[in-house]
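Take a look at the structure set out below.
So you know, we letter chains A, B, ... as the sequences are listed, proteins then strands, and number each from 1.
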Protein chains: 2
Amino acid sequence: MSEKKRGRPRAFDAKVTLEKVREVFWDRGFAGTSLDTLSAATQLNRPSLYGAFGDKENLYLDALEGYRAESMGVLADALDPSLTLRENLARVYGRALDIYLHGETAARGCFLIGTATAEAIQHERVRDVLNRSLNDFDGEIEKRMTLARERGELPGDTDPHMLAKLASAIMHSLAVRTRAGDSRETLEALAQSGVEMICGKA
Amino acid sequence: MSEKKRGRPRAFDAKVTLEKVREVFWDRGFAGTSLDTLSAATQLNRPSLYGAFGDKENLYLDALEGYRAESMGVLADALDPSLTLRENLARVYGRALDIYLHGETAARGCFLIGTATAEAIQHERVRDVLNRSLNDFDGEIEKRMTLARERGELPGDTDPHMLAKLASAIMHSLAVRTRAGDSRETLEALAQSGVEMICGKA
DNA sequence: ATTATTTTATGCGAAACGGTACAAAATGAG
DNA sequence: CTCATTTTGTACCGTTTCGCATAAAATAAT
């Protein structure tokens, strides 16, 4: 797996670097971030960044992909089927808010919805990542909705596909509203209303 | 009202210009748009743009404000209280999609959610416009929800404030998904599910 | 040791960027 | 007609931008 490579070894960890890059893009967006800013944040000079990740767009796409993969992991964990659907949804929204509210300056929301949305028109590859991410997210929730219907947690005439999209819509709204500066309190109230909308009042 | 001004008269209509500016920002975002691009789109040279609207951020904020004002007008019209709540919501979503899907290249979604969200962290004034816009939108819908409860269109224990936020969440999701490239068909299905979620199945 | 290979660091360069100085043009005031 | 005022168009300024060319440094292979 890890054969020793021939030339001079890298002085940095690509994965750690990509995480730092993500932080910067997350706050400033793709177009609003310069390679110099990324260079400063990662402690790497531009040629090293270019050598490891390619041009700016590639670097951004790699950062998006890392976020997407991590998010799907968090989602899968939150949807633990040994819990009730109500608990699952509350966990999904709760963990999302933990991530969305982690910003230093202003709360930064969702990396994808907050920054990729802006680039999606001009950059087809960004649009594709965004679309795939949203669909994958919907799909995971839909599977849980289907299971919930089988278990009787949801009525028999439930449409898991559309109900999952409604559940995702709450997430999208949390993402936008976080970035608009809403308080945690306000956001948690919305999340709870979302859970009640789907699972009924407790 | 319109006193004749003293110097050389303007050769352009500021309102029309602002609409053209909006189109460009809508597709490319704030950071992704150059003054040269705006100059070309408006047929004005940069000094004229600067003289009429100030710097790039001011120009963007003016474009956002125009969009916000128009959107609130469309919303007020769609919420005609002589119609049922169900009809109102269907109209709100329908007109939103008409606007969101008007793009030439890819469908461009909501100007605010699609572009201002990206700048909201770094530019406080943009964040404020975004926040105020979302709140005003919620507020208009909440008024209609309150009326619906009084009329018996909604159960007596309805919380108009939170229900309005759920209705807005569907809008936010439509905005994001349009920009991600979803088809009109898909989006209309989500809109309809949203209406049913709030008003019950037809 | 020598060579091949890869990464690092400095720094270049052409283009794009936002903003403005300045003079010409077009209007109203006196 | 002359002057003050405002807009227009050209041209420019200093900075930033992205990408790369180049050489030094660090490793493995021979």
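Minimum heavy-atom separation, Ile121(B) to Arg127(B): O-NH1, 3.4 Å. Contact between Cys199(A) and Leu89(A) at its shortest, heavy atoms only, is SG-CD1, 3.9 Å.
Classified by interplanar angle (parallel below 30°, tilted 30° to 60°, perpendicular above 60°), the ring pair Tyr67(A)/Trp26(A) is perpendicular. The aromatic rings of Tyr60(B) and Phe30(B) are tilted relative to each other, their planes meeting at an angle between 30° and 60°.
Straight-line distance from the CZ atom of Phe53(A) to the P atom of dC18(D): 16 Å, rounded to whole Å. Atom C1' of nucleotide dG18(C) and atom CZ of Phe30(B) are separated by 10 Å, given to the nearest angstrom. Atom NZ of Lys56(B) and atom P of dA16(C) are 15 Å apart (whole Å). Between the CG atom of Asp13(A) and the C1' atom of dT7(C) there is a distance of 15 Å, rounded to whole Å. Leu49(B) has its CG atom 12 Å from the C1' atom of dG18(C), to the nearest Å. For the pair Leu38(B) CG and dG19(C) P, the interatomic distance rounds to 11 Å; values are reported in whole Å. If you take CG of Asp55(A) and P of dG19(D), they are 5 Å apart, rounded to a whole angstrom. As rounded to whole Å, 11 Å separates atom P of dT20(C) from atom CG of Leu35(B).
Counting non-hydrogen atoms of neighbouring residues, nucleotides and ligands closer than 6.0 angstrom, the CD atom of Glu65(B) exceeds 12 such neighbours.
Between Ser34(A) and dT16(D) there is no side-chain polar atom (N or O) within less than 4.0 angstrom of OP1 or OP2. Phosphate proximity of dC20(D) to Tyr50(A): present, with a side-chain N or O under 4.0 Å from OP1 or OP2.
The residue Ser39(A) sits apart from the nucleic acid: no heavy atom pair falls under 4.0 Å. Among the protein residues, Thr37(B) comes within range of no part of the nucleic acid, since none of its heavy atoms lies under 4.0 Å from any strand.
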Please step through side-chain contact (heavy atoms from CB on, under 4.5 Å) for the pair Glu153(B) and Arg144(B), ending with a clear verdict.
CA-CA 11 Å; Glu153(B) 289 182 295; Arg144(B) 184 63 185 83; 3.2 Å; yes

Could you write out each protein N or O paired with an N or O of nucleotides 7-11 of chain D at a distance under 3.5 Å?
{"unit_1": "dT7(D)", "atom_1": "O4'", "unit_2": "Arg8(B)", "atom_2": "O", "d": "3.2"}
{"unit_1": "dT7(D)", "atom_1": "O2", "unit_2": "Arg8(B)", "atom_2": "NH1", "d": "3.4"}
{"unit_1": "dT8(D)", "atom_1": "OP1", "unit_2": "Ala11(B)", "atom_2": "N", "d": "2.7"}
{"unit_1": "dT8(D)", "atom_1": "OP2", "unit_2": "Ser48(B)", "atom_2": "OG", "d": "3.4"}
{"unit_1": "dG9(D)", "atom_1": "OP2", "unit_2": "Asn45(B)", "atom_2": "ND2", "d": "3.2"}
{"unit_1": "dG9(D)", "atom_1": "O5'", "unit_2": "Asn45(B)", "atom_2": "ND2", "d": "3.4"}

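Atom-to-atom distance recorded for Ser173(A):OG and Met171(B):CE is 10.5 Å, nearest 0.5 angstrom.
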